[in-house]
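Before any comments, here is the structure.
Computed from a predicted structure; not experimentally measured. As a basis for the values below, the full set of heavy atoms in this structure was taken, side chains included, without hydrogen atoms, waters or symmetry mates. For reference, positions follow the sequence shown, starting with 1.
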Amino acid sequence: MSIFGKIKDAIFGEAKAASPKPGAGNVVPTASPGTKTHQTAPTEVSEVDVERNLAAMAEGKDLNWRTSIVDLMKLIGVDSSLDNRKELARELGYTGQLDGSAEMNIWLHKATMRELAANGGKVPPELLD
């Protein structure tokens, strides 16, 4: 599996675990009080709230996942070694030196967030710029 695939699965998988189970929709009264009610169909989540999922995973941890690709990868349990970041850079189309520089890491973080958004993630604009 690709490095990006592991990142996406770790973040989006949290949403699947937190989403309502089938049949767990809201109960809506269909008649006057005292009569039977029915359940509505569960609402499907079309976008995964990336920021919310990551913030929940980061509770109690001292990681700067909002700007650091290394901390983001550590947070979700993906190996953040230079070799893995180089592989991620290749997957996402980085054309600069694969040297682990600040430039490469900043680009990787933004490209990862853009790719998450392109794959159904809801990512705030400040994480994309």
Side-chain angles (χ1 to χ4, degrees):
M1 174 181 280
S2 70
I3 303 297
F4 177 76
K6 290 177 185 178
I7 291 170
K8 183 178 140 229
D9 287 352
I11 296 169
F12 286 23
E14 290 293 317
K16 289 177 186 171
S19 64
K21 299 201 182 334
N26 296 327
V27 175
V28 179
T30 57
S32 60
T35 60
K36 290 186 177 183
T37 61
H38 75 279
Q39 288 187 316
T40 61
T43 305
E44 281 194 38
V45 178
S46 60
E47 286 188 327
V48 174
D49 191 332
V50 172
E51 181 181 35
R52 186 189 73 211
N53 288 355
L54 290 171
M57 287 185 237
E59 283 185 27
K61 297 178 182 158
D62 188 26
L63 294 170
N64 187 12
W65 64 267
R66 292 178 188 275
T67 58
S68 169
I69 189 66
V70 172
D71 282 358
L72 173 65
M73 293 171 82
K74 285 180 181 178
L75 175 64
I76 60 177
V78 173
D79 178 11
S80 64
S81 67
L82 179 56
D83 285 341
N84 271 3
R85 285 181 283 129
K86 286 179 182 181
E87 181 60 31
L88 179 61
R90 286 185 203 100
E91 289 174 22
L92 299 179
Y94 184 66
T95 58
Q97 291 292 318
L98 296 173
D99 56 4
S101 66
E103 178 184 321
M104 180 183 121
N105 288 331
I106 290 167
W107 185 93
L108 270 177
H109 189 275
K110 292 177 186 301
T112 298
M113 290 298 168
R114 283 191 298 269
E115 195 66 19
L116 288 168
N119 282 274
K122 179 181 165 196
V123 180
E126 63 270 15
L127 295 179
L128 298 171
D129 297 335

- request: Determine, step by step, whether Leu82 and Asp99 satisfy the side-chain contact (heavy atoms from CB on, under 4.5 Å) criterion, reporting the C-alpha distance in whole Å, the side-chain angles of both residues, the deciding distance to 0.1 Å, and the verdict.
  value: CA-CA 8 Å; Leu82 179 56; Asp99 56 4; over 6 Å; no
query: Tell me, do Arg90 and Leu98 make a side-chain contact under 4.5 Å, heavy atoms counted?
result: yes
- request: Report yes or no: does His109 contribute a side-chain atom to a donor-acceptor pair with the main-chain N or O of Met104 at less than 3.5 Å?
  value: no
- request: Taking the side chain as every heavy atom from C-beta outward, state whether Met1 and Asp9 have any atom pair closer than 4.5 Å.
  value: yes
- prompt: Donor-acceptor pair, Asp71 side chain versus Trp65 backbone, under 3.5 Å?
  reply: no
- line: dist Ser81:OG -> Lys86:NZ (nearest 0.5 Å) comes out at 9.5 Å
task: Indicate the atoms forming the closest heavy-atom contact of Thr112 with Leu72, along with that distance.
output: CG2-CD2, 4.2 Å
Side chain to side chain, Ile3 and Met73, heavy atoms closer than 4.5 Å: yes
- request: Say whether, by atom type as modelled, one donor and one acceptor occur between the side chain of Lys61 and the main chain of Met57 under 3.5 angstrom.
  value: yes
- prompt: Considering residues at least two apart in sequence or located in another chain, which fulfil the side chain to side chain contact (heavy atoms under 4.5 Å, CB included) criterion with Glu126?
  reply: Glu51, Pro124
query: Do Ile7 and Phe12 pass the side-chain contact (heavy atoms from CB on, under 4.5 Å) test, and can you show the C-alpha distance, the side-chain angles, and the key distance before you say yes or no?
result: CA-CA 8 Å; Ile7 291 170; Phe12 286 23; over 6 Å; no
- line: Output for pair (Ile76 CD1, Ile11 CD1), nearest 0.5 Å, gives 4.5 Å
statement: Checking Leu127, Leu92, Leu128 against Arg114 for side chain to side chain contact (heavy atoms under 4.5 Å, CB included), the one that qualifies is Leu128
task: List the steps, then state whether side-chain contact (heavy atoms from CB on, under 4.5 Å) holds for Phe4 with Leu116.
output: CA-CA 9 Å; Phe4 177 76; Leu116 288 168; 3.9 Å; yes
- prompt: Is there a donor-acceptor contact under 3.5 Å from the side chain of Asn84 to the main chain of Ser80?
  reply: no
Test side chain to side chain contact (heavy atoms under 4.5 Å, CB included) applied to Asn105 - qualifying residues, sequence neighbours left out: Ile69, Arg85, Leu108
